[in-house]
Amino acid sequence: MAFNIFGGKKEQSQENEPQNNGRMVRPMETGDIEAVLAIIESHDDEDAQEASEEFAESVEGMYVAVDNGRIVGVTGSFTDGEADDIHWLSWTYVAEDQRRQGIGRYLVGGMFDQLQNMGARKVFITTGDYVEDGVDIYAGARAFYENLGASLELKMSHYFSQDEARYIFGLNITGQPEAVPVSIEQNGHLIFDGLHAAPESEDGLFLTWTEYDPETDTDANPKEKLEALLQEARDNKMRFLVAAIPADLSEGAAKGLEAMGFSLIGELQNLYDANISQQHWFLKL
Ligand SMILES: CC(C)(COP(=O)(O)OP(=O)(O)OC[C@H]1O[C@@H](n2cnc3c(N)ncnc32)[C@H](O)[C@@H]1OP(=O)(O)O)[C@@H](O)C(=O)NCCC(=O)NCCS
């Protein structure tokens with residue numbers, strides 16, 4: 001078996017294994033940090049800096065591909081904050097001189113099999129379209145994710161910077177066809193109650209929200225609250241504001257967001273549950 005940790009995989013995946021018996025995949029350890037950061041740094045300095053801060057906290061959920069003692073690839077995932085059967089792909093890199101040999105597919109595909117065995121439903125993947133010296137440095141990654149079967153579900157223009165969009169790909173890993181929500185049954189209401197930094201963007205914010213009952217919380221005043229949060233974002237010279245909300249609580253909130261100039265830019269399919277997507281509303285400030 002070429003990559004021993006994913007040894008219990010399905011027959012069909014084994015066809016894709018690189019034919020090199022000195023290779024294996026194992027959980028990342030703190031002693032691997034330096035070698036992993038060197039791989040990330042050769043691609044992007046800022047990513048390496050961010051990864052270094054994260055690895056200093058923990059390397060849990062990360063895996064490395066090792067070729068005769070040399071680390072040649074890294075991947076990992078973390079659980080979504082709102083749905084524990086949803087995972088997000090984290091730092092995924094293969095050493096430049098080892099690319100296009102199937103290592104990425106085996107490493108990431110193998111981890112998805114592990115996640116599926118642990119009951120995960122879906123994986124979301126974030127990437128960008130940063131252009132350095134005229135080269136779209138994540139184009140290969142986007143092609144790689146599509147090759148794994150992931151589909152682009154959401155593109156947020158001007159996200160990481162004025163010139164770099166955020167792409168979110170989704171991949172259903174249940175082995176069953178994904179539910180296609182037809183009608184959205186409303187199960188309650190939400191009110192926006194705060195702001196937090198948009199992941200990996202210095203000048204964007206996300207609205208936080210909580211469920212509320214307009215019948216009993218008569219003092220809540222969602223419109224006034226949303227206006228105040230918008231003003232706070234403007235006072236802080238933010239470039240954009242995002243509301244990411246469950247489709248089944250969206251009806252009233254959508255009207256308020258539209259009135260304030262937000263546009264619905266897309267949804268992450270079935271994020272909360274097999275029929276409940278996450279709507280993304282965007283406002284350029
Ligand atoms: C993306 C990355 C991890 C892929 O790893 P890899 O080991 O080279 O990928 P694989 O060899 O398993 O590729 C599997 C398939 O994905 C597609 N693919 C991978 N890299 C590609 C590229 N640069 N251009 C087009 N398609 C690509 C191909 O369909 C490939 O199959 P093929 O070689 O038989 O045509 C690697 O290119 C990398 O480290 N890139 C730089 C870092 C990066 O962008 N990471 C993602 C950050 S979001």
Side-chain angles (χ1 to χ4, degrees), residues 2-3 5-6 9-10 12-20 22-26 28 32 35-55 61-68 70-78 87-114 123-156 159-161 163-171 173 198-201 268:
F3 283 78
I5 194 177
F6 298 140
K9 281 158 38 64
K10 301 183 206 104
Q12 70 199 52
S13 308
Q14 292 179 5
E15 282 169 24
N16 300 328
E17 288 177 24
Q19 297 303 303
N20 181 336
R23 287 176 169 166
M24 64 168 205
V25 171
R26 60 165 172 76
M28 182 173 161
D32 303 324
V36 166
L37 289 178
I39 296 177
I40 301 179
E41 196 170 8
S42 71
H43 190 252
D44 188 274
D45 294 348
E46 278 179 31
D47 281 0
Q49 181 55 39
E50 257 178 64
S52 155
E53 286 159 24
E54 277 186 29
F55 296 157
M62 302 296 301
Y63 293 94
V64 287
V66 185
D67 182 1
N68 287 313
R70 175 190 167 206
I71 291 179
V72 292
V74 62
T75 193
S77 75
F78 56 91
H87 285 251
W88 289 79
L89 191 74
S90 73
W91 309 105
T92 297
Y93 290 81
V94 168
E96 207 164 350
D97 62 336
Q98 300 288 315
R99 289 182 195 155
R100 296 307 282 269
Q101 298 177 41
I103 295 176
R105 182 169 33 210
Y106 189 77
L107 186 59
V108 177
M111 182 178 70
F112 289 170
D113 286 348
Q114 300 277 94
V123 180
F124 288 104
I125 304 165
T126 290
T127 188
D129 57 6
Y130 184 62
V131 175
E132 193 173 74
D133 302 329
V135 178
D136 178 349
I137 65 167
Y138 295 109
R142 297 198 304 273
F144 170 70
Y145 299 136
E146 277 171 357
N147 181 264
L148 283 175
S151 311
L152 181 64
E153 295 198 4
L154 190 65
K155 179 179 169 187
M156 301 164 102
Y159 182 92
F160 295 113
S161 70
D163 303 324
E164 190 186 2
R166 181 185 193 198
Y167 291 66
I168 304 181
F169 289 84
L171 179 64
I173 56 169
E200 298 175 73
S201 178
L268 298 184

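Just so you know, these numbers use all the heavy atoms, side chains as well, and skip hydrogens, waters and symmetry mates. Counting starts at 1 for both ligands and their atoms, in listed order.
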Point to revise | Heavy-atom pair of closest approach, residues Ala51 and Leu37 | key: CB-CD2, 3.9 Å
Point to revise | Residue pair Asp129 / Arg142, side-chain heavy-atom distance below 4.5 Å | key: yes
Mind listing the N or O contacts between ligand 1 and protein, cut-off under 3.5 Å?
from     : atom 1 : to     : atom 2 : distance (Å)
ligand 1 : 7 (O)  : Gly104 : N      : 2.7
ligand 1 : 8 (O)  : Arg100 : N      : 2.8
ligand 1 : 11 (O) : Arg100 : N      : 3.4
ligand 1 : 11 (O) : Gln101 : N      : 3.2
ligand 1 : 11 (O) : Gly102 : N      : 2.8
ligand 1 : 12 (O) : Gly104 : N      : 3.4
ligand 1 : 12 (O) : Arg105 : N      : 2.7
ligand 1 : 24 (N) : Arg100 : NH1    : 3.3
ligand 1 : 29 (O) : Asn147 : ND2    : 3.2
ligand 1 : 33 (O) : Arg100 : NE     : 3.0
ligand 1 : 35 (O) : Arg100 : NH2    : 3.1
ligand 1 : 39 (O) : Val94  : N      : 2.8
ligand 1 : 39 (O) : Val94  : O      : 3.3
ligand 1 : 39 (O) : Arg99  : NE     : 3.3
ligand 1 : 45 (N) : Thr92  : O      : 2.8

Practice item. Indicate the atoms forming the closest heavy-atom contact of Leu107 with Val74, along with that distance. Key: CD2-N, 3.6 Å
Review point. For Leu148, which residues count as a side-chain contact (heavy atoms from CB on, under 4.5 Å) partner, sequence neighbours excluded?
Key: Arg105, Val108, Phe112, Phe144, Tyr145
Review point. When you look at Tyr93 and Asp47, which way does the side chain to side chain donor-acceptor pair (under 3.5 Å) test go after all the steps?
Key: CA-CA 11 Å; Tyr93 290 81; Asp47 281 0; 2.7 Å; yes
Check your understanding: Has Glu46 got more than 12 heavy atoms of other residues, nucleotides or ligands less than 6.0 Å from its CD?
Key -> no
